[in-house]
Chemist: 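For reference, the structure I am asking about is given below.
Sequence positions, counted from 1, serve as the residue numbers for this chain. Computed from a predicted model, the values in this text were never measured in an experiment.
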Amino acid sequence: MDSTSAQSPSSSPYATHEVTNQAPPLPPYDASDDRALLEGLRREGAGWAEEDVRRLGLRAGSAQAQEWGELANRNEPELRTHDRYGNRVDEVDFHPSWHHLMRTAVAEGLAGAPWADDRPGAHVARTAGGLVWGHTEAGHGCPTSMTYAAVPALRATPELAKVYEPLLTSREYDPELRVPTEKAGLLAGMGMTEKQGGSDVRTNTTVATPTAEAGVYTLRGHKWFTSAPMCDVFLVLAQAPGGLSCFLVPRILPDGGRNPFRIQRLKDKLGNRSNASSEPEFDGTVAWLVGPEGRGVKTIIEMVNCTRLDCVMSSATLMRKTLVEAGHHTRYRGAFGARLIDQPLMRNVLADLALESEAATTLTLRLAGAADRAVRGDAGEKAFRRIATAVGKYWVTKRGPAFTAEALECLGGNGYVEDSGMPRHYREAPLLSIWEGSGNVNALDVLRALGREPDTTEALFAELALARGADTRLDETVTSLRRQLAETDQMGARRLVERMALALQASLLVRYAPHPVADAFCATRLGGDWGHSFGTLPAGADLGTILDRALPVREG
């Protein structure tokens, strides 16, 4: 090559420009660097776990853990119905990154471990851990959540709990399918819904036939949306002679044989793609009765309370994660002569998102505290948990998709491409309002609790009364809620539950958050000084205080 044909990179006809004004990749960060989270952790009785939560937060924000989340979603699980010899195996293969995420989650106590921990606040510590480790990715939270939720349901049959609870509360992750009692730790899944009924589980057609052995049945039927089919055991609803009942179904039988659990296909889902969701069929599948015959719904209700709390937790986590991403981008991106984060309108958007995120996180930890104290015998907290979890599940998960969309928009076109990671978060957001009962199901459940369990009403208003006199807008909302309860039917259920959720969030912020945060929340969510989208906070809102509290991420 002669000198006339050689070109430097800068003189190449393809080197048309220098890349400027682009935010650098989000550096490793501390996912626990969230004042609302740490304050709630201490307030709800789990301050002893702060060191562990902070350690897990640093790991969640590490480059390695973030890459695990990306790879687990890019390399989706694959179903193998048969082995090379033609034997039916019905196994699901996962990318190594999935196993790294799961191993960490189980070891850190995010599955069933709190049930084996007698320390007050153990369930709060688990929730706080989920709020930070969820910054990696959401799909693997499904099997850990179901494992956590299976323990109280299984206790309806003490002889089964005696065998399986020590394994479900283990911190050992063992993904190999083997005889459950020969493993160091187990994961649990659920098989509740069917094609014809969905949330209306009383229409289930799967039949449970008693065998000659007491408590042992065989199942024949199908399930429509069974997540985490690679789990070791499942809680399944089926129609026994005495009515709809709950059963424990292991994948591997005590003799080492495979229990018929034929996976017809994996769901091709909008999001949550790292996690396998399946359609299994049962045909002669061996199952053990959990709780009495005909009391299946009552048996699993504790399970539902747990998984609904995890839906709230996961939505709050997704809000926080996308707010961190939006804050990072706007710190580095410039427009119209200033950094985006310094532009008044963008500051309004970010501050509005920060209010929503703090309210969601604060409510999540309050619900976790109620769950922890309810487990330890506090009747008032049990009643509060019953209604407040359904209220929180309805509202926080409803806010998630709108929040995530607005956070994505903070990145502009950069946020719309897969490389940014924001589309994955956006696809994840709607799941949490659907899983464990859609909005209508939860709103109707609130009405049911108000009508049939008057102690739940009093528990809710007792909680709201703790903030009485601190903010006139909140006081007026609580007074009107009392009137609204007597007038609401199904048509007004969503409106009622929304106001209950906002009043509950406001009462917590008034009591625990800095005044600028609580005042802006009450002015907008209760006082009506707000538009129909994020970024419409009133002119007097203290955006600086709100943003400094919400975005303390240390970068560099």
Chemist: Using residues 100-114 as the side-chain source, report each donor-acceptor pair under 3.5 Å to any protein atom, sequence neighbours left out, with the distance given to one decimal.
Modeler:
residue	atom	partner	partner atom	Å
Thr104	OG1	His100	O	3.0
Glu108	OE1	Arg55	NH2	3.2
Glu108	OE2	Arg55	NH1	2.8

Chemist: What residues, two or more places apart in sequence or in another chain, satisfy ring-ring contact (aromatic ring centres under 6.0 Å, His included) together with Tyr512?
Modeler: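 Checked Tyr512 against ring-ring contact (aromatic ring centres under 6.0 Å, His included); zero matches.
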
Chemist: What do you reckon, is CD of Gln490 surrounded by more than 12 foreign heavy atoms closer than 6.0 Å?
Modeler: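 Atom CD in Gln490 is not crowded, with 12 or fewer foreign heavy atoms closer than 6.0 Å.
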
Chemist: Mind checking what makes salt bridge (charged side-chain N to carboxylate O under 4.0 Å, His left out) contact with Arg525, not counting sequence neighbours?
Modeler: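 Arg525 satisfies salt bridge (charged side-chain N to carboxylate O under 4.0 Å, His left out) with Asp352, Glu356 only.
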
Chemist: What residues, two or more places apart in sequence or in another chain, satisfy side-chain contact (heavy atoms from CB on, under 4.5 Å) together with Thr364?
Modeler: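 Here the qualifying residues are Thr127, Leu131, Val312, Met313, Ala316.
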
Chemist: Restricting to salt bridge (charged side-chain N to carboxylate O under 4.0 Å, His left out), what partner residues turn up for Arg202, sequence neighbours left out?
Modeler: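 Partners of Arg202 under the salt bridge (charged side-chain N to carboxylate O under 4.0 Å, His left out) test: none.
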
Chemist: Looking at residues at least two apart in the chain, or sitting in another chain, which of them share a ring-ring contact (aromatic ring centres under 6.0 Å, His included) with Trp115?
Modeler: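 Listed in chain order: His123, Tyr148.
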
Chemist: Checking Ala238 now: which residues fulfil side-chain contact (heavy atoms from CB on, under 4.5 Å) with it, not counting sequence neighbours?
Modeler: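 Listed in chain order: Thr206, Ala208, Leu219, Phe247.
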
Chemist: By side-chain hydrogen bond (donor to acceptor under 3.5 Å, both in side chains), which residues pair with Lys321, not counting sequence neighbours?
Modeler: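 side-chain hydrogen bond (donor to acceptor under 3.5 Å, both in side chains) list for Lys321, sorted by chain: Tyr29, Gln66, Glu325.
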
Chemist: Can you list everything that forms a side-chain contact (heavy atoms from CB on, under 4.5 Å) with Lys382? Sequence neighbours excluded, please.
Modeler: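 Ala374.
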
Chemist: Distance only, no hydrogens: is a donor on one side chain within 3.5 Å (strictly under) of an acceptor on the other, for Asn272 and Glu428?
Modeler: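 Indeed, the side chains of Asn272 and Glu428 share at least one donor-acceptor pair under 3.5 Å.
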
Chemist: With a 4.5 Å limit on heavy-atom distance, are the side chains of Thr362 and Arg43 in contact?
Modeler: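 Heavy-atom side-chain distance check passes, below 4.5 Å.
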
Chemist: Is any side-chain heavy atom of Phe521 less than 4.5 Å from a side-chain heavy atom of Ile546?
Modeler: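 A side-chain contact is absent here, since even the closest heavy-atom pair is not under 4.5 Å.
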
Chemist: Using a 4.5 Å cut-off on heavy atoms from C-beta on, say whether the side chain of Trp224 contacts that of Ser278.
Modeler: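 No, side chains not in contact.
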
Chemist: Residues two or more places apart in sequence or in another chain: which of them pass ring-ring contact (aromatic ring centres under 6.0 Å, His included) with Phe534?
Modeler: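 Listed in chain order: Phe403.
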
Chemist: Among Arg155, Arg386, Arg385, Arg308, find the one that has a salt bridge (Lys or Arg N to Asp or Glu O under 4.0 Å) with Glu302.
Modeler: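 For Glu302, the salt bridge (Lys or Arg N to Asp or Glu O under 4.0 Å) test succeeds with only one of Arg155, Arg386, Arg385, Arg308, which is Arg385.
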
Chemist: What residues, two or more places apart in sequence or in another chain, satisfy salt bridge (charged side-chain N to carboxylate O under 4.0 Å, His left out) together with Arg473?
Modeler: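 Arg473 satisfies salt bridge (charged side-chain N to carboxylate O under 4.0 Å, His left out) with Asp471, Asp519 once adjacent residues are dropped.
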
Chemist: When you check the gap from the basic side-chain N to the acidic O, do Arg366 and Glu381 get nearer than 4.0 Å?
Modeler: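 So Arg366 pairs with Glu381 through a salt bridge.
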
Chemist: Glu498: what forms a salt bridge (charged side-chain N to carboxylate O under 4.0 Å, His left out) with it, not counting sequence neighbours?
Modeler: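 Residues passing salt bridge (charged side-chain N to carboxylate O under 4.0 Å, His left out) with Glu498: none at all.
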
Chemist: If we count only N and O atoms by modelled type, under 3.5 Å, do the side chains of Ser245 and Glu293 hold a donor and an acceptor together?
Modeler: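 Absent: no donor and acceptor within the cut-off.
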
Chemist: Can a side-chain donor-acceptor contact be found between Glu137 and Ser274 if the only test is distance below 3.5 angstrom?
Modeler: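 Yes - a donor-acceptor pair under 3.5 Å links their side chains.
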
Chemist: Can you tell if the side chain of Leu466 reaches within under 4.5 Å of the side chain of Arg511, non-hydrogen atoms only?
Modeler: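 Yes, close enough: below the 4.5 Å cut-off.
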
